[in-house]
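For reference, positions follow the sequence shown, starting with 1. Because the structure is a prediction, the values reported are computed rather than measured.
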Amino acid sequence: MEAFISTMTITYIFLALFLSSDIGNIPHVKSLGINYGQVANNLPQPDKVLELLRTLKLTKTRIYDTNPQILSSFANSNIEIIVTVENEILSQLDDPQQALQWVNNHIIPYLPETKITGIQVGNEVFTDDDDTLLQHLVPAVVNIHNALARLGYSNIQVSTPSSLAVLQNSYPPSAGSFKSEINGIMYQFLNFLSTTKTPFWINAYPFFAYEDDPSTIPLDYVLGNSPNAGMVDPYTKLHYDNMLYAMVDAVYFAIAKMGFRNIEVRVSETGWPSKGDTNEVGASPQNAATYNRNLLRRQMANEGTPLNPRIRLEVYLFALFNEDMKPGPTSERNYGLFQPNESMTYNVGLTSVSTPSSSTPSSSASFTIASSATKIKVASKEYQSLVFWKLVYLLILTLSL
């Protein structure tokens with residue numbers, strides 16, 4: 001047993017080296033993004049939303065469709081937009097001609113005036129209740145990418161966001177692995193991401209983990225308060241003081257176990273509800289403010305995860321507004337930083353847009369939501385010999401048995 005544990009420890013250490021060794025080739029983010037959901041009947045008009053984003057000095061947002069009014073309103077602004085292909089039309093995009101037509105109809109009319117930087121093909125398709133969608137995912141992704149390249153826009157990244165439920169194991173992070181039933185299509189998707197140098201996007205919510213087990217999981221760890229005892233991965237010996245970073249590194253390990261080492265992991269959604277049903281433990285304005293404030297503080301510090309400390313984790317907060325028409329528990333309608341009237345749901349250090357005469361200058365208040373745009377230069381490592389990588393590969397194969 002001791003020999004087995006020792007072997008496993010060495011294996012995980014080499015896997016950590018495998019993951020972190022080439023991270024210098026991954027580009028660094030400039031600012032925090034925010035998800036702009038629209039499942040509501042009382043939201044401000046897109047031009048007002050654009051004004052709000054400018055006030056907050058936010059330059060990145062994601063929408064869950066290709067809303068023409070939003071794309072037109074955001075023209076000639078400095079806002080980078082990621083758009084989304086709805087799950088319901090994925091099957092149509094199996095056909096390259098249909099994908100080309102979709103790009104011509106929904107993307108091309110707004111370029112280059114509107115900064116569309118990414119297309120998310122579906123949302124959480126790998127774990128959708130309709131399991132017939134999954135067979136269409138990779139063909140749709142490839143066809144959209146090829147259509148963009150054909151039209152001269154290969155710079156627009158094509159990916160899909162996944163729920164953390166794609167993982168069979170996520171604790172400790174070094175045990176991260178994908179569910180066996182999706183491995184075949186996941187490999188195809190990861191191969192596409194690796195070839196096109198496109199990130200893997202994950203929707204990661206520590207709130208859900210805490211809600212399921214509040215008596216065991218420390219709230220300080222989930223909220224990212226500092227300092228806290230956190231947890232130490234028993235194999236890599238890496239220390240985690242917040243659950244979000246542990247979730248992201250579990251995805252990195254899962255990707256590595258599929259044989260890929262040059263795919264960046266980004267967070268497409270994370271957040272905390274300010275209100276919930278009686279059984280939704282932890283949903284409160286205080287916890288929501290703390291979680292998002294801590295995340296913003298870490299973003300401003302250019303933090304990376306323990307596995308990849310030299311690259312700042314790119315994160316899109318969920319969400320800009322509370323959305324009153326979302327189905328499900330009360331929490332689903334209460335993730336917004338702002339109310340539909342543009343007043344703050346809770347204070348994370350931002351100037352209240354609804355009170356522009358406030359004595360707090362907007363420039364000093366917005367520092368918590370936008371980064372300094374500083375890029376971190378990382379020197380490449382020289383020890384990446386062919387023999388080393390062969391050894392790592394053999395160790396990963398051993399780990400997978």
For [X] against [Y], the heavy-atom pair lying closest together:
| X | Y | answer |
| --- | --- | --- |
| F207 | V222 | N-CG1, 4.3 Å |
| E211 | N279 | OE2-O, 4.1 Å |
| R54 | S77 | NH2-CB, 3.5 Å |
| M247 | A204 | SD-CB, 3.9 Å |
| T160 | N123 | OG1-N, 4.4 Å |
| G122 | T84 | O-CG2, 4.0 Å |

Sequence neighbours left out, what passes ring pair (Phe, Tyr, Trp, His ring centres under 6.0 Å) with W201? Give chain and number order.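 W201: ring pair (Phe, Tyr, Trp, His ring centres under 6.0 Å) contacts with Y316.
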
Indicate whether any N or O donor in one side chain lies under 3.5 Å from an N or O acceptor in the other, for [X] and [Y].
| X | Y | result |
| --- | --- | --- |
| N225 | D220 | yes |
| N203 | S163 | no |
| D213 | T216 | yes |
| Q157 | T198 | no |
| S194 | N262 | yes |
| N143 | D94 | no |
| N87 | D128 | yes |
| R266 | S159 | no |

State, yes or no, whether a side-chain contact exists between V158 and L148 at a heavy-atom distance under 4.5 Å. yes

Sole candidate of Y291, Y205, F321 that passes ring-ring contact (aromatic ring centres under 6.0 Å, His included) when paired with Y335: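 The single option meeting the ring-ring contact (aromatic ring centres under 6.0 Å, His included) with Y335 is Y205.
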
Ring center gap for F126 and F178 short of 6.0 angstrom: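 No: the rings miss the under 6.0 Å criterion.
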
The test is salt bridge (Lys or Arg N to Asp or Glu O under 4.0 Å); show your working for E314 and R312 and say whether it passes. CA-CA 6 Å; E314 180 158 358; R312 180 170 169 266; over 6 Å; no

Please answer whether the main-chain N or O of [Y] pairs with a side-chain N or O of [X] as donor and acceptor at a distance below 3.5 Å.
| X | Y | result |
| --- | --- | --- |
| N287 | G282 | yes |
| S170 | A250 | no |
| N228 | D241 | yes |

Once you round to the nearest 0.5 Å, how far does CG of N78 lie from CG of L58?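 The CG atom of L58 is 10.0 Å from CG of N78, to the nearest 0.5 Å.
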
My understanding is that only one of V39, V85, N35 makes a side chain to side chain contact (heavy atoms under 4.5 Å, CB included) with Y64; could you say which?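 The residue from V39, V85, N35 that satisfies side chain to side chain contact (heavy atoms under 4.5 Å, CB included) with Y64 turns out to be N35.
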
Could you walk me through whether S174 and D233 satisfy the side-chain hydrogen bond (donor to acceptor under 3.5 Å, both in side chains) test, starting with their C-alpha distance in whole Å, then the side-chain angles of each, then the deciding distance to 0.1 Å, before giving a yes or no? CA-CA 7 Å; S174 59; D233 189 302; 2.8 Å; yes

Does K275 NZ have over 12 foreign heavy atoms under 6.0 Å away?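 Not more than 12 within 6.0 Å, no.
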
Pair S331-E280, side-chain hydrogen bond (donor to acceptor under 3.5 Å, both in side chains): steps then yes or no: CA-CA 8 Å; S331 62; E280 295 187 282; 2.5 Å; yes

Using salt bridge (Lys or Arg N to Asp or Glu O under 4.0 Å) as the criterion, list what pairs up with E269, not counting sequence neighbours.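 E269 satisfies salt bridge (Lys or Arg N to Asp or Glu O under 4.0 Å) with R62 only.
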
Would you please classify the geometry between the Y210 ring and the W272 ring as parallel, tilted or perpendicular, with 30° and 60° separating the classes?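 The rings of W272 and Y210 sit tilted, inter-plane angle from 30° to 60°.
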
